[in-house]
Amino acid sequence: MISEKLAAIKDKLPENVTLIAVSKTYLASDLQLAYIAGQRHFGENKVQEITEKQAVLAKDIQWHFIGHLQSNKVKYIAPFISLIHSVDSIKLLQEINKQAIKNGRILDCLLQFHIASEETKFGLSLEEAKELLESEAFLFLENIRIIGVMGMASFTEDQEKVRAEFKQLYQIFQFLKSTYFSENSTFKEISMGMSGDFEIAVEEGSTLVRVGSSIFGLR
Ligand SMILES: *Cc1c(COP(=O)(O)O)cnc(C)c1O
């Protein structure tokens, strides 16, 4: 049962770690069961799907966008999104800023880093992130708040490899915090950890875990 699975995962999380229920591909009725069990943070990776679910579910849900985001679709999620985890370019940030202004909102974002050895995963390198944060264009993004980092570890059984990748993300977070956000108490989130590796992620400093199949069952 969804409520039991949620409770079992929450049991393993320290109080300062937020559980995001990753509900992509599951029906709104499944999300509703999680909602009734007290879950308020949900994560989705497709614009159309998150928009449809947001329209029919309770308005106090906090929606997290965790997938690759195309600039031309930002407008659909800008009115309601709580946190965009997957920012990986200045161009995308500029569009998020534009839509944030249109909606009279400040939009919270994470910078997504490429920490896995797999080629296919999106995300910035540290060099690219520095370039972004030091660019002139970044200074003009008044309706954006960068509140931390996000990353996905390699899909592997090798737990030490996964741990090393999470450690790397933690170090990136610390570097950015001391270099660019030292005056900024809102830069504090590290989004890492999924069904298969969230316990390691928590040990390595995660503040936001994104768990799907362990809650809702296999997709
Ligand atoms: C699907 C997904 C998750 C959740 O994965 P599970 O293995 O189902 O827990 C977490 N993060 C991202 C970015 C995802 O796309």
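Numbering of residues begins at 1 and proceeds along the displayed sequence. Read the numbers this way: they start at 1 and go in the same order the structure lists the ligands and their atoms.
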Trainee: Quick check on contacts: which atoms of ligand 1 are under 4.0 angstrom from a heavy atom of Val211?
Mentor: 9 (O)

Trainee: Between Glu134 and Tyr180, do the side chains contain a donor N or O and an acceptor N or O under 3.5 Å apart?
Mentor: yes

Trainee: Report, in ascending order of atom number, the atoms of ligand 1 lying under 4.0 Å from any heavy atom of Ile66.
Mentor: 11 (N), 12 (C), 13 (C), 14 (C)

Trainee: Charged N to carboxylate O under 4.0 angstrom, Lys91 versus Glu95?
Mentor: no

Trainee: Do any nitrogen or oxygen atoms of Asn45 lie less than 3.5 angstrom from nitrogen or oxygen atoms of ligand 1?
Mentor: no

Trainee: Using the side-chain contact (heavy atoms from CB on, under 4.5 Å) definition, which of the options Leu93, Ile66, Ile96 pairs with Ile84?
Mentor: Ile96

Trainee: Between His64, Lys24, His68, Arg210, flag the one that comes closest to atom 14 (C) of ligand 1 by a heavy atom.
Mentor: Lys24

Trainee: Name the option, out of Met150, Glu44, Met194, that contains the heavy atom nearest to atom 5 (O) of ligand 1.
Mentor: Met194

Trainee: Any N or O on Gly212 sitting closer than 3.5 Å to an N or O of ligand 1?
Mentor: yes

Trainee: Please confirm whether Arg210 makes a cation-pi placement over Phe198, using NZ or CZ under 6.0 Å from the six-membered ring centre and within 45° of the ring normal.
Mentor: no

Trainee: Out of His114, His85, His68, which residue meets the ring-ring contact (aromatic ring centres under 6.0 Å, His included) rule with Phe122?
Mentor: His68

Trainee: How close does the nearest protein non-hydrogen atom get to atom 9 (O) of ligand 1, and which residue and atom is it?
Mentor: Ser195 OG, 2.5 Å

Trainee: Check if Arg219 has a non-hydrogen atom at a distance under 4.0 Å from any atom of ligand 1.
Mentor: yes

Trainee: Looking at Glu204 and Arg163, is any side-chain nitrogen of the basic one under 4.0 Å from a carboxylate oxygen of the acidic one?
Mentor: yes

Trainee: Could you tell me if Asp60 and Tyr35 have a donor-acceptor pair between their side chains, going purely by distance under 3.5 Å?
Mentor: yes

Trainee: What protein heavy atom is closest to atom 7 (O) of ligand 1, reported as residue, atom name and distance in Å?
Mentor: Ser213 OG, 3.6 Å

